[in-house]
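Values in this document were obtained by computation on a predicted structure and should not be read as measured data.
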Amino acid sequence: MVLLVLTPAVLSPPPPSSPPLRLAASAGDTARAGAGGPAVGRVWPVGTRPRVLRGWEPPKTPYGRGHRGVDLAAVPGTPVRAVAAGRVSFAGQVAGRGVVSVELSDTGTPPLRTTYEPVRPSVEKGAEVAPGEVVGAVAATEPARSPHCTAPCLHWGLLRADVYLDPLALLPPWLLRAGPPRLLPVLGLPVPE
C-alpha cells in the first residue's frame, strides 16, 4: 500500500473569519482590504498558533467604531516577534502602553507597518529586524489600560499610511491553518507484491 502525506494546508479550506485580503490600499480605502496580495509574514508575533481573542473589524468610516487589529492570547512575558523583515519605526510608550512598530521591507510605498502592544520593547527605533526576531515581551496591563482584551493578550495591528488592514493577511495560509498532517491512501495505483 502506498501512502501519501498531505499537510493541513492541502486539506483545510480557509478559516471563515479570515478571507484572502489584498495588502495594497488606495487613497479611497477606509480600512478595507480585498482579495489578492502576497503574504509577507513568516511567523506569528506570539507563539506558534495563538488563539485569536478578537478579530479585525474594519470601521465603516475612518473614525468609526471597529477593531483595528487582532488580539492574540498571550500572557505577560511572552516574547513578541517581528512577523516579517523590516525596520523599527517606533519603540516606546503611547497612552501609557508600550508599543513597537515595524515598517516592513519591500512592501511598497508607503510601506506596510505592523504594531504590537502592550509590549516592553527590547529594540530601539531604527533597528533592522528579521522575521521571528524578538522585538519585546508582552507587558502586563490593567483592564482599564487595555479594555478591549478580556484576557491577557497582544494587540497586533497593520497599516499602510493611515489605513488599517487585517494583520492576518500578512500570514501565508499554512500558518493560519491548524491541525496535524494526515495519511491518506493513494488510490488507483497497483499494490506492490
Side-chain angles (χ1 to χ4, degrees), residues 14 17-48 50 52 54-64 66-72 74 78-95 97-139 148 153-176:
S17 62
S18 302
L21 302 172
R22 72 177 163 83
L23 297 177
S26 67
D29 283 346
T30 56
R32 290 187 311 261
V40 298
R42 297 291 170 251
V43 296
W44 283 91
V46 290
T48 54
V52 176
R54 183 174 178 193
W56 184 66
E57 299 164 12
K60 294 186 186 330
T61 64
Y63 301 104
H67 190 235
R68 293 160 173 87
V70 295
D71 294 339
L72 304 174
T78 301
V80 177
R81 301 179 185 284
V83 298
R87 184 183 54 78
V88 176
S89 57
F90 180 84
Q93 296 282 313
V94 174
R97 290 186 296 262
V99 176
V100 172
S101 293
V102 178
E103 285 186 357
L104 304 182
S105 303
D106 303 321
T107 57
T109 304
L112 291 171
R113 185 173 76 247
T114 57
T115 60
Y116 311 97
E117 69 172 277
V119 174
R120 288 188 321 272
S122 61
V123 291
E124 294 182 2
K125 181 178 179 178
E128 296 289 329
V129 293
E133 187 172 334
V134 174
V135 297
V138 174
H148 64 271
C153 77
L154 174 78
H155 178 81
W156 175 32
L158 174 66
L159 299 99
R160 182 179 300 280
D162 61 352
V163 176
Y164 286 88
L165 303 167
D166 184 354
L168 294 177
L170 288 174
L171 300 178
W174 63 270
L175 271 177
L176 291 171

Do any N or O atoms from the side chain of Arg81 and from the backbone of Trp44 form a donor-acceptor pair under 3.5 angstrom?
no
Please report the C-alpha distance between Leu104 and Val40 in whole Å, then the side-chain angles of each, then the deciding distance to 0.1 Å, and finally whether the side-chain contact (heavy atoms from CB on, under 4.5 Å) criterion is met.
CA-CA 9 Å; Leu104 304 182; Val40 298; 4.2 Å; yes
For the residue pair Thr109 and Arg160, what are the closest heavy atoms and their distance?
N-NH1, 4.3 Å
Indicate the atoms forming the closest heavy-atom contact of Cys153 with Val138, along with that distance.
O-CG1, 3.9 Å
On a heavy-atom basis, the closest approach of Gly86 and Ser105 is CA-OG, 3.4 Å
Please name the pair of heavy atoms, one in Leu112 and one in Thr107, separated by the smallest distance, quoted to 0.1 Å.
N-OG1, 2.9 Å
Closer than 3.5 angstrom, by distance alone: can the side chain of Arg97 be matched with the main-chain N or O of Ala139 as a donor-acceptor pair?
no
Run the numbers on Leu154 and Thr78 for side-chain contact (heavy atoms from CB on, under 4.5 Å), then give the verdict.
CA-CA 9 Å; Leu154 174 78; Thr78 301; over 6 Å; no
Is there a side-chain contact between Ser101 and Thr115, using heavy atoms and a 4.5 Å cut-off?
yes
I need the minimum non-hydrogen distance between Val119 and Pro121, along with the two atoms involved.
O-CD, 3.2 Å
Under 4.5 Å between any side-chain heavy atoms of Trp56 and Leu158, yes or no?
no
First locate atom NE2 of His155, then atom CD of Glu117, and finally report the distance between them rounded to the nearest 0.5 Å.
5.5 Å
N/O donor to acceptor pairs below 3.5 angstrom from side-chain atoms of residues 122-135, sequence neighbours left out:
{"residue": "Ser122", "atom": "OG", "partner": "Val135", "partner atom": "O", "Å": "3.3"}
{"residue": "Ser122", "atom": "OG", "partner": "Gly136", "partner atom": "N", "Å": "3.2"}
{"residue": "Glu133", "atom": "OE1", "partner": "Ala130", "partner atom": "N", "Å": "3.0"}

Residue pair Tyr116 / Val46, side-chain heavy-atom distance below 4.5 Å:
no
Indicate yes or no: at least one non-hydrogen side-chain atom of Val83 is less than 4.5 angstrom from one of Thr114.
yes
Heavy-atom side-chain contact between Val52 and Leu72 under 4.5 Å
yes
How long is the gap from CZ on Arg68 to CG on Asp166, to the nearest 0.5 Å?
13.5 Å
Tightest non-hydrogen contact, residues Leu171 and Val43, listed as CD2-O, 3.5 Å
